[in-house]
Amino acid sequence: MSADVRPVPDHRSLAPATRTVSLGRPAHDPDAPLNSPPVPAGTYVAGGDVEYGRYGNPTWTAFEEILGSLEGGRALTYSSGLAAATAVLDLVSVGEAVVVPVHAYQGVLHQLRDREQRGLLHVRTVDITDTDAVVRTADDAALVWLESPTNPMLEVADLAAVCAGATEAGARVVVDNTFATPLLQQPLDLGADVVLHSATKYLSGHSDVVLGALVTRDDATFTALDEHRRSRGAIPGVLESWLAARRVRTLHVRLERAQANAAELAARLTEHPAVSRVRYPGWGAMVSIELAAGTPAADLMTRSTSLWVHATSLGGVESLLERRRRWKGEPESVPESLIRLSVGIEDVEDLWGDLASALASLPAP
Ligand SMILES: Cc1ncc(COP(=O)(O)O)c(C=O)c1O
(Lines give C-alpha, C1' and ligand atoms only; values in the text may rest on other atoms or scores of the structure.)
Protein backbone atom coordinates (compact mmCIF):
# COMPACT_ATOMS: atom_id res chain seq x y z
CA MET A 1 0.00 0.00 0.00
CA SER A 2 1.43 3.36 -0.98
CA ALA A 3 0.65 6.07 1.54
CA ASP A 4 2.59 8.67 -0.43
CA VAL A 5 0.63 11.70 -1.46
CA ARG A 6 0.34 12.21 -5.19
CA PRO A 7 1.45 15.68 -6.24
CA VAL A 8 -0.88 17.19 -8.84
CA PRO A 9 1.13 19.17 -11.41
CA ASP A 10 0.07 22.79 -11.97
CA HIS A 11 -2.57 22.52 -9.28
CA ARG A 12 -2.62 26.33 -8.95
CA SER A 13 -4.32 26.48 -12.35
CA LEU A 14 -7.21 24.40 -10.99
CA ALA A 15 -10.15 26.07 -9.26
CA PRO A 16 -10.15 25.82 -5.43
CA ALA A 17 -13.20 23.54 -5.51
CA THR A 18 -11.31 21.11 -7.73
CA ARG A 19 -8.22 21.26 -5.55
CA THR A 20 -10.15 20.50 -2.36
CA VAL A 21 -11.48 17.37 -4.04
CA SER A 22 -8.44 16.12 -5.95
CA LEU A 23 -5.33 16.94 -3.89
CA GLY A 24 -3.99 14.87 -1.00
CA ARG A 25 -4.77 11.53 -2.64
CA PRO A 26 -2.52 8.52 -3.33
CA ALA A 27 -1.16 7.96 -6.85
CA HIS A 28 -3.67 6.63 -9.38
CA ASP A 29 -2.10 3.15 -9.39
CA PRO A 30 -4.13 -0.03 -9.92
CA ASP A 31 -5.74 -1.04 -6.63
CA ALA A 32 -4.44 2.02 -4.80
CA PRO A 33 -7.04 3.36 -2.37
CA LEU A 34 -8.73 6.52 -3.56
CA ASN A 35 -8.26 8.21 -0.23
CA SER A 36 -5.11 8.56 1.85
CA PRO A 37 -5.61 6.01 4.62
CA PRO A 38 -5.02 6.83 8.27
CA VAL A 39 -1.48 5.62 9.09
CA PRO A 40 -0.96 5.13 12.83
CA ALA A 41 2.82 5.15 13.03
CA GLY A 42 4.92 5.69 16.15
CA THR A 43 8.08 5.11 14.16
CA TYR A 44 9.32 4.09 10.70
CA VAL A 45 11.98 1.77 9.31
CA ALA A 46 15.28 3.66 9.40
CA GLY A 47 16.89 5.15 6.30
CA GLY A 48 13.96 7.20 4.97
CA ASP A 49 13.06 10.89 5.19
CA VAL A 50 10.66 10.79 8.13
CA GLU A 51 12.22 8.36 10.69
CA TYR A 52 9.92 8.98 13.69
CA GLY A 53 6.22 9.51 14.41
CA ARG A 54 6.68 12.99 15.86
CA TYR A 55 8.50 14.19 12.74
CA GLY A 56 5.93 13.36 10.09
CA ASN A 57 3.01 11.21 9.01
CA PRO A 58 1.49 10.66 5.54
CA THR A 59 -1.98 11.30 6.99
CA TRP A 60 -0.93 14.80 8.09
CA THR A 61 0.69 15.33 4.70
CA ALA A 62 -2.55 14.64 2.83
CA PHE A 63 -4.39 17.40 4.72
CA GLU A 64 -1.38 19.74 4.56
CA GLU A 65 -1.18 19.35 0.81
CA ILE A 66 -4.82 20.38 0.33
CA LEU A 67 -4.69 23.32 2.75
CA GLY A 68 -1.28 24.50 1.51
CA SER A 69 -2.57 24.61 -2.04
CA LEU A 70 -5.75 26.51 -1.07
CA GLU A 71 -3.77 29.12 0.88
CA GLY A 72 -0.92 29.32 -1.63
CA GLY A 73 1.89 28.14 0.66
CA ARG A 74 3.18 25.16 2.68
CA ALA A 75 1.08 23.91 5.57
CA LEU A 76 1.89 22.33 8.91
CA THR A 77 -0.84 20.82 11.07
CA TYR A 78 -0.97 20.98 14.88
CA SER A 79 -2.87 19.38 17.71
CA SER A 80 -5.16 22.46 17.89
CA GLY A 81 -5.52 26.00 16.57
CA LEU A 82 -4.10 27.28 19.84
CA ALA A 83 -1.06 24.99 19.52
CA ALA A 84 -0.49 26.55 16.08
CA ALA A 85 -0.76 30.03 17.65
CA THR A 86 1.75 29.01 20.33
CA ALA A 87 4.22 27.94 17.64
CA VAL A 88 4.03 31.37 15.94
CA LEU A 89 4.37 33.26 19.24
CA ASP A 90 7.40 31.13 20.14
CA LEU A 91 9.17 32.67 17.12
CA VAL A 92 9.07 36.06 18.89
CA SER A 93 12.32 36.72 20.78
CA VAL A 94 12.31 37.87 24.40
CA GLY A 95 11.58 41.58 24.74
CA GLU A 96 10.10 42.06 21.27
CA ALA A 97 6.72 43.69 20.60
CA VAL A 98 3.61 42.10 19.12
CA VAL A 99 0.73 44.12 17.66
CA VAL A 100 -2.56 42.55 18.64
CA PRO A 101 -6.20 43.27 17.74
CA VAL A 102 -8.46 44.57 20.51
CA HIS A 103 -10.84 41.79 19.55
CA ALA A 104 -9.57 38.37 18.57
CA TYR A 105 -10.02 34.80 19.74
CA GLN A 106 -9.79 35.12 23.51
CA GLY A 107 -7.43 32.13 23.87
CA VAL A 108 -4.83 33.94 21.77
CA LEU A 109 -5.34 37.21 23.68
CA HIS A 110 -4.98 35.34 26.97
CA GLN A 111 -1.75 33.70 25.86
CA LEU A 112 -0.31 37.04 24.73
CA ARG A 113 -1.15 38.68 28.07
CA ASP A 114 0.36 35.74 29.90
CA ARG A 115 3.60 36.04 27.92
CA GLU A 116 3.64 39.78 28.58
CA GLN A 117 3.17 39.28 32.33
CA ARG A 118 6.11 36.87 32.32
CA GLY A 119 8.27 39.52 30.64
CA LEU A 120 8.58 37.61 27.38
CA LEU A 121 7.10 40.19 25.01
CA HIS A 122 5.28 43.52 24.81
CA VAL A 123 1.68 43.66 23.66
CA ARG A 124 0.47 46.66 21.62
CA THR A 125 -3.29 46.61 21.14
CA VAL A 126 -4.95 48.16 18.07
CA ASP A 127 -8.27 48.40 16.29
CA ILE A 128 -7.60 46.39 13.13
CA THR A 129 -10.10 48.43 11.11
CA ASP A 130 -7.82 51.48 11.56
CA THR A 131 -5.15 50.68 8.97
CA ASP A 132 -2.99 53.72 9.75
CA ALA A 133 -2.97 52.89 13.46
CA VAL A 134 -1.98 49.27 12.81
CA VAL A 135 0.86 50.32 10.52
CA ARG A 136 2.05 53.02 12.97
CA THR A 137 2.00 50.54 15.82
CA ALA A 138 3.92 47.98 13.74
CA ASP A 139 7.01 50.16 13.85
CA ASP A 140 9.79 48.18 15.62
CA ALA A 141 7.37 45.31 16.33
CA ALA A 142 8.41 41.72 15.60
CA LEU A 143 4.92 40.52 14.76
CA VAL A 144 1.54 41.88 13.72
CA TRP A 145 -1.25 39.48 14.68
CA LEU A 146 -4.43 39.88 12.66
CA GLU A 147 -7.77 38.18 12.66
CA SER A 148 -10.21 39.16 9.93
CA PRO A 149 -13.13 38.98 10.42
CA THR A 150 -12.50 39.18 14.18
CA ASN A 151 -14.07 36.85 16.69
CA PRO A 152 -16.78 37.73 17.76
CA MET A 153 -17.11 41.38 16.63
CA LEU A 154 -16.71 40.54 12.92
CA GLU A 155 -14.53 43.57 12.16
CA VAL A 156 -12.69 43.37 8.85
CA ALA A 157 -9.13 44.60 8.20
CA ASP A 158 -7.79 45.95 4.93
CA LEU A 159 -5.35 43.06 4.78
CA ALA A 160 -3.41 44.17 1.69
CA ALA A 161 -2.76 47.67 3.10
CA VAL A 162 -1.94 46.43 6.61
CA CYS A 163 0.39 43.70 5.33
CA ALA A 164 2.23 46.15 3.06
CA GLY A 165 2.66 48.73 5.85
CA ALA A 166 3.68 46.19 8.49
CA THR A 167 6.16 44.49 6.17
CA GLU A 168 7.66 47.89 5.32
CA ALA A 169 8.03 48.50 9.06
CA GLY A 170 9.92 45.21 9.34
CA ALA A 171 7.26 43.16 11.16
CA ARG A 172 6.17 39.64 10.30
CA VAL A 173 2.39 39.37 9.73
CA VAL A 174 0.25 36.44 10.82
CA VAL A 175 -3.43 36.28 9.84
CA ASP A 176 -5.89 34.02 11.63
CA ASN A 177 -8.03 33.01 8.64
CA THR A 178 -10.36 30.71 10.57
CA PHE A 179 -13.55 32.74 9.99
CA ALA A 180 -12.92 33.49 6.31
CA THR A 181 -11.46 30.12 5.19
CA PRO A 182 -9.05 30.02 2.24
CA LEU A 183 -12.01 30.00 -0.14
CA LEU A 184 -13.01 33.56 0.77
CA GLN A 185 -9.62 35.09 1.55
CA GLN A 186 -5.99 34.09 0.90
CA PRO A 187 -3.86 36.27 3.20
CA LEU A 188 -0.51 35.04 1.80
CA ASP A 189 -1.49 36.51 -1.57
CA LEU A 190 -2.30 39.76 0.21
CA GLY A 191 1.17 39.95 1.76
CA ALA A 192 0.91 38.00 5.04
CA ASP A 193 3.80 35.78 6.13
CA VAL A 194 1.85 33.14 8.04
CA VAL A 195 -1.79 32.03 7.97
CA LEU A 196 -3.34 30.34 10.98
CA HIS A 197 -6.38 28.08 11.09
CA SER A 198 -8.35 26.53 13.81
CA ALA A 199 -9.11 23.55 11.55
CA THR A 200 -11.54 22.59 14.29
CA LYS A 201 -13.97 24.98 12.57
CA TYR A 202 -14.86 25.28 8.86
CA LEU A 203 -12.05 23.13 7.46
CA SER A 204 -13.24 20.08 9.41
CA GLY A 205 -16.77 21.40 9.52
CA HIS A 206 -18.58 18.76 11.61
CA SER A 207 -17.69 19.72 15.19
CA ASP A 208 -15.98 16.39 15.81
CA VAL A 209 -12.31 17.34 15.44
CA VAL A 210 -9.84 19.62 17.25
CA LEU A 211 -6.96 20.53 14.92
CA GLY A 212 -4.83 23.52 13.98
CA ALA A 213 -2.69 24.54 11.02
CA LEU A 214 -0.19 27.14 9.86
CA VAL A 215 0.61 27.98 6.26
CA THR A 216 3.76 29.87 5.27
CA ARG A 217 5.09 31.24 2.02
CA ASP A 218 8.85 31.44 2.70
CA ASP A 219 11.17 28.51 3.31
CA ALA A 220 12.90 30.04 6.35
CA THR A 221 9.64 30.46 8.29
CA PHE A 222 8.45 27.00 7.24
CA THR A 223 11.72 25.42 8.43
CA ALA A 224 11.65 27.31 11.73
CA LEU A 225 8.08 26.16 12.39
CA ASP A 226 8.74 22.60 11.29
CA GLU A 227 11.71 22.38 13.66
CA HIS A 228 9.60 23.91 16.42
CA ARG A 229 6.86 21.30 15.90
CA ARG A 230 9.40 18.45 15.95
CA SER A 231 11.00 19.68 19.13
CA ARG A 232 7.94 20.92 21.07
CA GLY A 233 5.71 18.07 19.96
CA ALA A 234 2.30 19.72 19.39
CA ILE A 235 1.60 17.28 16.55
CA PRO A 236 -1.85 16.43 15.20
CA GLY A 237 -3.50 13.11 15.85
CA VAL A 238 -3.76 10.68 12.94
CA LEU A 239 -7.54 10.28 13.27
CA GLU A 240 -8.07 14.06 13.39
CA SER A 241 -5.87 14.64 10.33
CA TRP A 242 -7.66 11.91 8.42
CA LEU A 243 -11.09 13.28 9.35
CA ALA A 244 -10.01 16.81 8.39
CA ALA A 245 -8.76 15.64 4.98
CA ARG A 246 -12.13 13.90 4.38
CA ARG A 247 -14.14 16.86 5.56
CA VAL A 248 -12.27 19.64 3.77
CA ARG A 249 -13.30 18.04 0.47
CA THR A 250 -16.81 19.48 0.92
CA LEU A 251 -15.71 22.89 2.21
CA HIS A 252 -16.85 24.76 -0.90
CA VAL A 253 -20.37 23.33 -0.91
CA ARG A 254 -20.79 23.65 2.86
CA LEU A 255 -19.59 27.23 2.79
CA GLU A 256 -21.77 28.18 -0.16
CA ARG A 257 -24.88 27.00 1.66
CA ALA A 258 -23.88 28.40 5.06
CA GLN A 259 -23.08 31.79 3.49
CA ALA A 260 -26.42 31.96 1.69
CA ASN A 261 -28.20 31.10 4.96
CA ALA A 262 -26.19 33.71 6.89
CA ALA A 263 -26.96 36.47 4.38
CA GLU A 264 -30.68 35.74 4.55
CA LEU A 265 -30.76 35.50 8.35
CA ALA A 266 -28.69 38.69 8.78
CA ALA A 267 -31.19 40.56 6.59
CA ARG A 268 -34.19 39.27 8.58
CA LEU A 269 -32.52 39.88 11.95
CA THR A 270 -31.79 43.49 10.93
CA GLU A 271 -35.55 44.03 10.55
CA HIS A 272 -36.47 42.35 13.85
CA PRO A 273 -37.58 44.75 16.64
CA ALA A 274 -35.98 42.63 19.42
CA VAL A 275 -32.55 42.91 17.78
CA SER A 276 -30.75 46.20 18.38
CA ARG A 277 -27.68 45.51 16.23
CA VAL A 278 -26.53 42.98 13.66
CA ARG A 279 -22.83 42.54 12.89
CA TYR A 280 -22.30 40.83 9.56
CA PRO A 281 -19.44 41.64 7.17
CA GLY A 282 -21.61 40.87 4.12
CA TRP A 283 -19.81 37.58 3.50
CA GLY A 284 -18.88 34.49 5.49
CA ALA A 285 -21.26 32.50 7.66
CA MET A 286 -20.82 34.18 11.05
CA VAL A 287 -23.34 36.74 12.35
CA SER A 288 -23.31 38.48 15.73
CA ILE A 289 -26.41 40.14 17.17
CA GLU A 290 -27.21 42.30 20.17
CA LEU A 291 -30.59 42.25 21.84
CA ALA A 292 -32.60 45.33 22.76
CA ALA A 293 -33.68 43.64 26.01
CA GLY A 294 -30.08 43.19 27.21
CA THR A 295 -28.05 40.44 28.86
CA PRO A 296 -30.67 38.35 30.73
CA ALA A 297 -32.68 38.26 27.49
CA ALA A 298 -29.58 37.11 25.61
CA ASP A 299 -29.07 34.28 28.09
CA LEU A 300 -32.73 33.37 27.80
CA MET A 301 -32.46 33.41 24.00
CA THR A 302 -29.57 30.91 24.05
CA ARG A 303 -31.75 28.57 26.13
CA SER A 304 -34.88 29.05 24.02
CA THR A 305 -33.94 27.57 20.66
CA SER A 306 -34.54 23.95 19.80
CA LEU A 307 -32.74 23.60 16.46
CA TRP A 308 -29.86 26.01 17.09
CA VAL A 309 -27.58 24.41 19.65
CA HIS A 310 -26.31 26.42 22.60
CA ALA A 311 -22.59 25.61 22.32
CA THR A 312 -19.29 27.33 21.81
CA SER A 313 -17.24 26.87 18.60
CA LEU A 314 -18.29 27.48 15.01
CA GLY A 315 -17.93 26.47 11.40
CA GLY A 316 -19.82 23.17 11.58
CA VAL A 317 -22.72 22.00 9.43
CA GLU A 318 -24.98 22.52 12.43
CA SER A 319 -26.00 26.01 13.60
CA LEU A 320 -24.71 27.09 17.02
CA LEU A 321 -25.25 30.16 19.17
CA GLU A 322 -23.75 31.51 22.36
CA ARG A 323 -23.42 34.71 24.37
CA ARG A 324 -19.69 35.35 24.17
CA ARG A 325 -19.31 37.36 27.39
CA ARG A 326 -20.27 34.25 29.35
CA TRP A 327 -16.51 33.53 29.01
CA LYS A 328 -14.56 35.60 31.50
CA GLY A 329 -11.58 35.99 29.13
CA GLU A 330 -13.66 37.81 26.50
CA PRO A 331 -12.63 41.50 26.15
CA GLU A 332 -14.90 43.93 28.04
CA SER A 333 -15.49 45.92 24.85
CA VAL A 334 -17.51 42.98 23.50
CA PRO A 335 -21.11 43.90 24.40
CA GLU A 336 -22.59 41.81 27.22
CA SER A 337 -25.68 40.94 25.19
CA LEU A 338 -23.77 39.94 22.04
CA ILE A 339 -24.81 36.53 20.75
CA ARG A 340 -22.55 34.93 18.17
CA LEU A 341 -24.35 32.84 15.57
CA SER A 342 -22.46 30.20 13.61
CA VAL A 343 -24.81 29.58 10.72
CA GLY A 344 -24.94 26.01 9.47
CA ILE A 345 -26.27 24.35 6.36
CA GLU A 346 -29.77 23.42 7.51
CA ASP A 347 -32.86 24.71 5.68
CA VAL A 348 -32.94 28.48 6.15
CA GLU A 349 -36.68 28.61 6.89
CA ASP A 350 -36.26 26.09 9.72
CA LEU A 351 -33.35 28.12 11.10
CA TRP A 352 -35.37 31.34 10.91
CA GLY A 353 -38.47 29.75 12.44
CA ASP A 354 -36.46 28.61 15.47
CA LEU A 355 -34.73 31.99 15.91
CA ALA A 356 -37.95 33.95 15.42
CA SER A 357 -39.84 31.91 18.03
CA ALA A 358 -36.97 32.28 20.53
CA LEU A 359 -36.94 36.06 19.91
CA ALA A 360 -40.72 36.20 20.32
CA SER A 361 -40.44 34.54 23.73
CA LEU A 362 -38.19 37.31 25.13
CA PRO A 363 -39.51 40.00 27.50
CA ALA A 364 -40.08 43.44 25.97
CA PRO A 365 -37.04 45.77 26.32
C1 LIG B 1 -10.57 32.53 15.38
C2 LIG B 1 -10.03 31.41 16.21
N3 LIG B 1 -8.71 31.17 16.18
C4 LIG B 1 -8.15 30.18 16.92
C5 LIG B 1 -8.93 29.39 17.75
C6 LIG B 1 -8.29 28.29 18.56
O7 LIG B 1 -8.47 27.07 17.91
P8 LIG B 1 -8.63 25.65 18.67
O9 LIG B 1 -9.87 25.72 19.49
O10 LIG B 1 -8.66 24.68 17.54
O11 LIG B 1 -7.41 25.51 19.54
C12 LIG B 1 -10.30 29.59 17.78
C13 LIG B 1 -11.17 28.75 18.66
O14 LIG B 1 -12.32 29.03 18.87
C15 LIG B 1 -10.87 30.63 17.00
O16 LIG B 1 -12.19 30.90 17.02
Side-chain angles (χ1 to χ4, degrees), residues 60 63 67 71 75-90 98 100-114 128 143-157 159 173-182 184-185 187 192 194-215 229 232-237 239-241 243-244 247-248 255 258 279 281 284-288 309-316 318 320-331 334 338-343:
W60 312 348
F63 179 68
L67 180 61
E71 288 287 8
L76 288 160
T77 31
Y78 292 84
S79 50
S80 67
L82 209 49
T86 301
V88 178
L89 293 176
D90 280 354
V98 178
V100 182
V102 179
H103 304 119
Y105 173 58
Q106 50 136 340
V108 170
L109 296 180
H110 173 77
Q111 186 176 155
L112 281 155
R113 290 289 174 209
D114 177 62
I128 59 132
L143 187 70
V144 173
W145 190 281
L146 294 171
E147 213 180 271
S148 186
T150 57
N151 182 3
M153 298 286 269
L154 302 180
E155 300 136 322
V156 174
L159 284 186
V173 182
V174 54
V175 177
D176 185 330
N177 207 26
T178 301
F179 274 36
T181 85
L184 301 181
Q185 174 172 277
V194 181
V195 167
L196 182 145
H197 280 282
S198 169
T200 311
K201 319 296 187 204
Y202 288 101
L203 300 180
S204 296
H206 294 69
S207 305
D208 54 6
V209 163
V210 174
L211 193 74
L214 295 174
V215 192
R229 188 177 68 172
R232 302 306 194 277
I235 56 168
L239 176 66
E240 285 77 3
S241 311
L243 284 172
R247 303 284 161 78
V248 78
L255 196 62
R279 293 169 199 267
M286 299 297 298
V287 179
S288 290
V309 185
H310 181 210
T312 197
S313 203
L314 58 112
E318 58 289 300
L320 308 181
L321 85 174
E322 70 165 336
R323 187 175 74 81
R324 282 302 292 175
R325 285 290 299 281
R326 76 190 175 101
W327 298 99
K328 78 174 175 3
E330 198 70 24
V334 172
L338 183 143
I339 298 175
R340 189 184 69 187
L341 306 172
S342 172
V343 181

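The first residue in the sequence is number 1, and the count goes up from there. Keep in mind the model is a prediction, meaning the values are calculated, not measured. Whatever order the structure lists them in is the order used to number ligands and atoms, beginning at 1.
Applying the 4.0 Å criterion to heavy atoms of Asp176 picks out, from ligand 1, the atoms 1 (C), 2 (C), 3 (N), 4 (C). Residue Asn151 has at least one heavy-atom neighbour below 4.0 Å for each of these atoms of ligand 1: 16 (O).
Of all protein heavy atoms, the one closest to atom 10 (O) of ligand 1 is Thr200 OG1, 2.6 Å. Remark: minimum distance from atom 14 (O) of ligand 1 to any protein heavy atom is reached at Lys201 NZ, 2.9 Å. At the top of the distance list for atom 7 (O) of ligand 1, counting protein heavy atoms only, stands Ser198 OG, 3.0 Å. Taking atom 5 (C) of ligand 1 as the reference point, the nearest protein heavy-atom neighbour is Tyr105 CD2, 3.4 Å.
Annotation: side chain of Glu318 is in contact with side chain of Ser207 (closest heavy-atom distance under 4.5 Å). In this structure the side chain of His197 reaches within 4.5 angstrom of the side chain of Glu71, judged on heavy atoms.
Using a 4.0 angstrom heavy-atom cutoff, His197 does not count as in contact with ligand 1.
Arg326 and Thr312 share no donor-acceptor pair across their side chains, judged by distance under 3.5 Å alone. Between the side chains of Glu155 and Ser148, no donor N or O sits under 3.5 Å from an acceptor N or O.
At under 3.5 Å, not a single nitrogen or oxygen of Glu147, backbone or side chain, sits near a nitrogen or oxygen of ligand 1. Checked against a 3.5 angstrom limit, the closest N/O atoms of Gly81 and ligand 1 fall inside it. Checked by distance only, ligand 1 and Leu82 come closer than 3.5 Å through their nitrogen or oxygen atoms.
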Where do His310 and Glu322 land on the side-chain hydrogen bond (donor to acceptor under 3.5 Å, both in side chains) test, with the steps shown first?
-> CA-CA 6 Å; His310 181 210; Glu322 70 165 336; 5.6 Å; no
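The minimum heavy-atom distance between Leu146 and Pro101, with the atom names listed, is CA-CG, 4.3 Å.
Remark: Lys328 does not engage Glu330 in a salt bridge, criterion side-chain N to carboxylate O under 4.0 Å.
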